[in-house]
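So you know, we letter chains A, B, ... as the sequences are listed, proteins then strands, and number each from 1.
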Amino acid sequence: MTELSKHFDPAAIEARWYAHWEEEGLFRPDRPEADPWTIVNPPPNVTGSLHIGHALDNTLQDILVRHQRMLGKDALWVVGTDHAGIATQMVVERQLNEKQQKRTDFSREEFIAKVWEWKEESGGEITGQLRRLGCSMDWSNERFTMDEGFTKAVTKVFVDLYNDGLIYRDKRLVNWDPGLKTAISDLEVETHDIPGKFWHFKYPLADGVTLDNGQDYIEVATTRPETMLADMAVAVHPSDERYASVVGKQVVLPITGRRVDIVADEHADPELGSGAVKITPGHDFNDFEVGKRAGFAASGMLNMLDAEANVCQTADGLVPEEFIGLHRFRRDEVDGARELVVVRMKELGCLIPHVTKDKDGETQEQDAEPRTIATPFGDRSNDVIEPWLTDQWYVDAEKLAVEPMAKVRSGEIDIVPKSWEKTFFNWMENIQPWCVSRQLWWGHRIPAWYDAEGNFYVATDESEAQAQAGEGVALTQDNDVLDTWFSSGLWPFATLGWPEETHDLKRHYPNNVLISGFDILFFWDARMMMQGLHLMGEVPFHTLYLHGLVRAADGQKMSKSKGNTVDPLGLIDQYGADALRFFMAAMESQGRDIKMDEKRVEGYRNFATKLWNASRFCQCNGIGASKTLAAPKADLPVNRWIISETVTTLNALNKALDDLRFDGAADTIYHFVWDKFCDWYLELIKPEMDGAGAGECRDVAGWVLDQILVMLHPFMPFITEELWHAMGERNYDIIVAKWPDPRADIDAEAASEIGWLIKLISETRTARAELNIPPGAKLTVHVRDASAATLERLERQSAALARVGRIEKVSSDAPPEGSAAQIPVDEATYILPLEGVIDLDAEKARLAKALEAAEKEASSLDKRLSNPQFVEKAKPEAVEKARADHAEKAAEADRLKAAIERLG
RNA sequence: GGGCGCGUAGCUCAGCGGGAGAGCACUGCCUUCACACGGCAGGGGUCGCUGGUUCAAUCCCAGCCGCGCCCA
């Protein structure tokens with residue numbers, strides 16, 4: 001037992017306890033006989049540092065795992081970091097740039113060695129920060145998505161999925177990121193509306209053909225003029241009569257002079273513009289489908305851009321010389337192919353100007369119509385994505401999505417809150433093939449080898465591939481790596497040793513709960529379900545809990561570029577990790593984003609200080625660690641009452657934790673500690689501390705404080721561990737203490753007595769405050785109309801009334817003449833003779849106000865009760881309650897009336 | 001265009017069929033021997049609007065207005 005310092009300083013205890021827990025192996029105590037309980041941490045990027053979203057995500061997980069550990073489970077929280085292909089490669093490349101070097105100055109092997117070097121030196125900063133937050137992860141088995149075991153797992157998964165026909169190689173349009181020069185998946189594309197233009201062009205009809213109206217060209221409109229260099233058709237709607245006569249005929253493309261067919265396709269919207277659209281299958285997803293329907297093979301589709309999306313020559317004479325090497329569109333103040341196409345079209349008389357009238361009625365001509373364009377951007381590079389025709393590896397996501405959907409439907413996977421199910425199904429039902437190859441160097445290299453003819457062999461290693469290809473065939477491995485999410489999707493089982501049949505794997509898969517932000521529902525959660533179910537044959541987790549975003553105080557999304565981020569470590573420095581954690585829990589109501597509110601963090605720091613001081617009080621009064629897990633025997637009502645309140649609180653807390661209502665759990669413990677334990681219980685036992693009941697009070701107070709520390713520990717691990725030890729000798733740390741088991745019932749009699757006592761003291765205080773009686777004044781009270789039971793209570797609680805209520809003496813004698821304050825509580829009325837101290841009119845006004853309120857309530861209840869429909873149809877409990885409430889309010893009104901009459 | 005969610009006290013949020021709650025902020029009193037990061041008392045809301053269902057609606061249903069997010 002150590003004496004608590006007068007001021008609570010979180011920083012003074014946090015580091016010490018964390019190091020202690022970790023050194024003692026208490027994050028994963030050896031419990032071979034216990035039921036396993038498992039949660040895996042969404043592996044943060046190895047490049048990352050702790051942001052406020054991590055603080056939320058990890059606090060919630062830590063609350064659950066600490067709770068389960070205290071329930072005696074073999075609780076495992078798997079932790080590790082993600083190699084984060086693109087992000088990490090970008091970090092290292094940026095460092096090279098600072099030294100005027102670039103990736104391609106090095107061989108692949110040299111570059112990868114540099115990344116590993118960076119990882120060893122600077123990576124994983126976040127793991128230290130998670131420790132500062134108090135997260136009790138199993139660091140002894142820390143994993144990395146590129147460690148040896150993971151590589152083995154990833155390779156096996158790729159080969160197995162390939163052999164199962166669920167991975168294939170295909171040539172089709174992908175989302176190409178010209179900044180990073182890699183393909184990315186649909187999910188990595190963010191569409192933003194940006195201002196753009198809509199140009200209208202004339203495409204002359206070939207061979208002297210005209211439309212029915214005599215027009216010798218077709219008007220097409222486009223937001224991407226540059227792609228006309230690779231146009232392969234013009235499409236019109238099959239039922240569009242304006243063009244029916246020219247379907248099957250051709251147009252001559254201006255600038256290049258190439259002839260392309262006019263095709264009928266439902267993609268063309270007759271309502272939009274002229275109803276005719278140019279078709280560029282090599283650079284537009286819709287046009288790709290139109291092109292396929294028009295009979296073009298993917299390999300025959302025209303491409304005019306290189307990997308950086310600059311214009312290039314890919315077929316003999318396809319692109320006029322002056323365009324070669326230009327950007328797609330204006331960039332860095334330099335016009336690109338888009339601008340040059342418009343210039344040439346204008347010169348050729350093929351540009352149809354956009355005509356508007358200004359406010360004076362004057363006609364204005366512009367080259368193009370201003371328009372907002374939904375434009376795809378790469379989420380990492382922020383470059384405009386170019387649909388590009390390449391060979392890539394795809395996962396047949398549609399097939400893999402079947403089982404996850406079935407498991408969510410059957411309830412084997414419970415998505416919390418349920419409202420996300422619809423979003424989940426909507427995406428899964430419309431899932432597209434998942435492009436998993438990336439043209440990067442940092443990542444899991446694809447286990448496929450090619451021979452000189454372009455045949456490929458998918459195998460676990462080169463020798464297996466060689467065996468497939470036959471001896472003597474020269475093989476080269478695929479240069480690409482896998483999407484980072486392909487490997488993190490294996491996290492729930494690969495971290496446990498899969499593909500080895502390890503002990504941990506058998507015990508801890510499926511995981512119990514997964515907690516993640518909803519922003520990675522598709523990226524990660526759904527992929528774990530797909531891969532877990534296919535490879536393990538079982539769900540990866542039984543409950544998927546999705547939380548929202550932590551937003552800035554003004555509701556804006558936090559982002560580095562906006563400069564409105566809040567650093568969780570700064571908050572920890574200022575208020576302590578416990579306060580930040582409690583804030584996160586208290587604000588986490590299911591399904592709503594959290595707005596940052598620093599005042600509230602401060603409030604929970606104050607809460608920690610309150611608990612600290614309450615413990616100091618206990619310490620100074622000989623109250624210490626409880627000897628028993630079960631509630632001590634108690635005779636005094638105040639002790640029986642606080643034991644009952646503890647049981648009630650524990651039940652509510654258990655329910656909230658079971659329901660994953662973190663806010664409800666935090667709220668429950670907060671109010672018990674502050675409102676019940678500190679504000680009433682400790683005050684009420686003060687007068688007992690040197691009386692006959694002192695021993696019992698010490699036992700009970702010590703026990704209740706222990707229960708508080710244990711119940712609060714998952715939320716505030718540091719202060720509770722500190723106080724746990726400060727209160728007395730312990731055989732174990734609180735982190736591995738047993739969850740409360742009071743073995744006590746609710747004591748209705750004690751609850752009623754203390755409820756009455758609290759009411760009496762509160763009412764007296766209110767009267768004092770309203771009548772400006774000095775708070776310190778010690779009063780004599782005359783009681784009238786009291787029942788025998790109440791008189792007994794008054795006698796029994798006289799010490800508490802004196803100390804807490806400042807009611808020195810209770811007398812059954814008639815009060816002296818003169819002005820007095822009158823306080824009805826239950827059946828009795830308490831009279832404070834205050835001749836000369838109070839203003840009679842003030843007391844009359846006070847009682848009149850109370851009477852008005854009581855009568856108002858009574859009459860509203862009366863109205864309800866006199867409605868026969870209510871009495872007939874309402875639930876009996878509701879009727880009964882209304883009757884009881886009415887009787888109480890009516891009686892209260894009567895007593896108030898009598899009190900007013902007595903004043904004359 | 002489709003989907004989801006939100007609009008409750010000045011602010012941040014709970015509640016979601018029986019007549020409204022918390023924290024912060026605000027007002028008054030209190031240096032009472034755990035705590036001024038505190039104690040005691042108090043003020044403040046036609047629960048976005050309009051209809052409907054019901055004995056009863058902040059809560060359920062429909063429509064509208066405003067705000068946010070996701071997918072096309």
Side-chain angles (χ1 to χ4, degrees), chain A residues 4 6-10 186-187 189-191 285-286 374 417-427 429-430 518-519 521-522 548-549 551 553-557 575-576 579 582-583 586-621 623 661 663-664 666-668 670-671 674-675 678-679 682-683 686 761-776 778 803-806 857 860-861 863-875 877-882 885:
Chain A
L4 291 168
K6 197 153 184 204
H7 292 284
F8 169 49
D9 177 14
D186 300 349
L187 287 176
V189 177
E190 288 177 356
T191 307
F285 286 100
N286 286 317
K418 235 179 178 47
S419 50
W420 284 106
E421 275 188 7
K422 201 155 186 175
T423 308
F424 171 79
F425 285 125
N426 186 45
W427 187 69
E429 279 160 4
N430 297 296
F518 65 74
D519 51 327
L521 172 59
F522 305 142
L549 252 50
R551 296 176 169 278
D554 61 359
Q556 293 236 6
K557 208 165 159 173
Y575 303 106
F582 206 88
F583 166 79
M587 297 306 290
E588 176 54 23
S589 59
Q590 292 177 1
R592 198 196 257 260
D593 286 346
I594 294 175
K595 262 183 225 172
M596 195 57 227
D597 182 356
E598 199 172 321
K599 292 296 287 178
R600 201 140 177 167
V601 182
E602 187 186 328
Y604 293 126
R605 187 273 318 266
N606 295 353
F607 173 61
T609 305
K610 183 80 182 173
L611 178 67
W612 182 268
N613 284 310
S615 303
R616 277 183 57 223
F617 167 81
C618 289
Q619 217 177 41
C620 295
N621 284 278
I623 295 164
R661 285 306 303 244
D663 55 345
D667 198 53
T668 298
Y670 179 95
H671 286 109
W674 203 312
D675 303 349
C678 293
D679 285 352
L682 291 182
E683 294 304 325
K686 279 176 184 175
I761 292 172
S762 300
E763 298 275 337
T764 314
R765 283 171 173 169
T766 304
R768 297 172 91 121
E770 286 180 358
L771 297 170
N772 287 319
I773 301 162
K778 293 174 178 172
R803 168 91 194 223
V804 186
R806 307 247 149 199
E857 285 195 53
S860 134
L861 286 158
K863 204 172 131 198
R864 205 187 317 168
L865 283 161
S866 55
N867 176 358
Q869 301 260 51
F870 172 70
V871 182
E872 269 172 49
K873 294 189 182 172
K875 284 174 289 183
E877 310 92 87
V879 178
E880 208 164 298
K881 183 172 184 294
D885 290 352

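Contact annotation: A:Lys610 reaches the phosphate of B:G39 (side-chain N/O to OP1 or OP2, under 4.0 Å). Residue A:Trp420 places no side-chain N or O under 4.0 Å from the OP1 or OP2 atom of B:C69. Listed pair A:Asn621 / B:A34 fails the phosphate criterion, with no side-chain N or O lying under 4.0 Å from OP1 or OP2. Taking only side-chain nitrogens and oxygens, A:Lys873 comes nearer than 4.0 Å to OP1 or OP2 of B:C55. Phosphate proximity of B:G19 to A:Ser860: absent, as no side-chain N or O sits under 4.0 Å from OP1 or OP2. The side chain of A:Thr423 places no N or O atom within less than 4.0 Å of a non-bridging phosphate oxygen (OP1 or OP2) of B:C4. Between A:Lys881 and the phosphate of B:G18, there is no side-chain N or O to OP1/OP2 separation shorter than 4.0 Å.
Side chains of A:Asn867 and A:Arg864: no donor on one and acceptor on the other come within 3.5 Å.
A:Arg551 places a side-chain heavy atom less than 4.5 Å from the side chain of A:Lys557. The shortest side-chain heavy-atom distance between A:Ile594 and A:Phe583 falls under the 4.5 Å cut-off.
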Carefully, step by step, assess A:Phe607 and A:Trp674 under the rule side chain to side chain contact (heavy atoms under 4.5 Å, CB included). CA-CA 8 Å; A:Phe607 173 61; A:Trp674 203 312; 3.6 Å; yes
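Between A:Arg768 and A:Lys778, the shortest heavy-atom contact is NH2-N, 4.3 Å. The minimum heavy-atom distance linking A:Gly805 with A:Ile761 is given by the pair CA-CG2, 3.9 Å.
Remark: the separation of the P atoms in B:A41 and B:A22 is 13 Å, to the nearest Å. Comparing B:G7 with B:C59, their P atoms are spaced 12 Å from each other, to the whole Å. Using atom P as the reference point in both B:C24 and B:G66, the two lie 36 Å apart (nearest Å). Going from the C1' atom of B:G21 to that of B:C37 covers 24 Å, rounded to whole Å. For the C1' atom pair drawn from B:G15 and B:C70, the interatomic distance equals 27 Å after rounding to whole Å. Between the C1' atoms of B:C55 and B:C60, the separation comes to 16 Å (whole Å). Distance noted for atom P between B:A25 and B:C40: 16 Å (whole Å). As rounded to the nearest Å, B:G18 and B:A57 have C1' atoms that lie 10 Å from one another.
Open room surrounds CD on A:Glu880; 12 or fewer heavy atoms of other groups in view lie less than 6.0 Å from it.
One can find a donor-acceptor pair under 3.5 Å joining the base of B:C37 and the side-chain atoms of A:Arg605. One donor-acceptor pair, N or O on each side, does fall under 3.5 Å between the base of B:A34 and the side chain of A:Glu683. Donor-acceptor pairing under 3.5 Å, judged by distance alone, is present between the side chain of A:Lys686 and the base of B:A34.
Comparing A:His671 and A:Asn426, the nucleotide of RNA chain B nearest to each residue sits closer to the 5' end for A:His671. Taking the nucleotide of RNA chain B with the nearest heavy atom to each of A:Arg864 and A:Arg551, the more 5' of the two is matched to A:Arg864.
Separating the NZ atom of A:Lys863 from the P atom of B:G18 is a distance of 18 Å, rounded to the nearest angstrom. The nearest whole Å value for the distance from the CH2 atom in A:Trp612 to the P atom in B:G38 is 16 Å. Counting to the nearest Å, the P atom of B:C24 and the CZ atom of A:Arg600 are 9 Å from each other. The separation between A:Leu682 atom CG and B:C33 atom C1' is 15 Å, rounded to whole Å. One can place NZ of A:Lys595 at 11 Å from P of B:G7, the figure rounded to the nearest angstrom. Residue A:Gln590 contributes atom CD, which lies 17 Å from atom P of B:C13 at whole-angstrom precision. Going from atom CG of A:Leu865 over to atom P of B:C55 covers 17 Å, rounded to whole Å. Between A:Arg803 atom CZ and B:C40 atom P the separation is 14 Å, expressed in whole Å.
Candidate nucleotides B:A14, B:C13, B:G18 were compared by shortest atom distance to the side chain of A:Ala874, and B:G18 ranks first. Taking the side chain of A:Ser589 as heavy atoms from C-beta on, and the options B:C55, B:G42, B:C13, the nearest nucleotide is B:C13. If you check B:A14, B:A41, B:G23 against the side chain of A:Ser762, the one that comes closest is B:A41. Listed nucleotides B:G3, B:C37, B:G42 differ in distance to A:Glu770; the shortest reach to its side chain belongs to B:G42. Considering only side-chain atoms of A:Phe617, the nucleotide from B:C40, B:G23, B:A34 that sits closest is B:A34. Picking from B:C37, B:C55, B:C4 the nucleotide with the shortest atom distance to the side chain of A:Lys422 gives B:C4. Closest to the side chain of A:Lys599, out of B:G38, B:A25, B:A34, is B:A25. Looking at the side chain of A:Ser419, the nearest of the listed nucleotides B:C70, B:C4, B:A25 is B:C4. Each of B:C37, B:A34, B:G23 was ranked by its minimum atom distance to the side chain of A:Asp597; first place goes to B:G23. Checking B:C13, B:G38, B:C40 against every side-chain atom of A:Arg592, the shortest atom distance belongs to B:C13.
Residue-level contact check: A:Asn430 touches neither bases nor backbone, having no heavy atom under 4.0 Å from any strand. Looking at heavy-atom distances under 4.0 Å, A:Met596 makes no contact with the nucleic acid at all. Across all strands, A:Cys618 comes closer than 4.0 Å to no nucleic acid atom at all (heavy-atom distances). Contact annotation for A:Asn867: backbone-only contact, meaning every heavy-atom pair under 4.0 Å involves sugar-phosphate atoms and none involves a base.
Cation-pi geometry between A:Lys610 and A:Tyr670 is not met: the NZ or CZ atom fails to fall both under 6.0 Å from the ring centre and inside 45° of the normal.
Base pairing of B:G44: no nucleotide in any strand meets the Watson-Crick or G-U wobble criterion (both distances under 3.5 Å). Using Watson-Crick or G-U wobble geometry with both donor-acceptor distances under 3.5 Å, B:C29 finds its partner in B:G39. Base pairing analysis places B:A22 opposite B:U12; the two distances defining the Watson-Crick or G-U wobble pair are each below 3.5 Å. Pairing for B:G7 is with B:C65, a Watson-Crick or G-U wobble pair whose two hydrogen-bonding atom distances lie under 3.5 Å. The partner of B:U53 is absent, by the rule that a Watson-Crick or G-U pair needs both atom distances under 3.5 Å.
Aromatic ring pairs are classed by plane angle as parallel below 30°, tilted from 30° to 60° and perpendicular above 60°; the pair A:Phe522 and A:Trp427 is parallel.
One finds no salt bridge joining A:Lys595 and A:Asp593 here, because no Lys/Arg side-chain nitrogen approaches an Asp/Glu carboxylate oxygen to under 4.0 Å.
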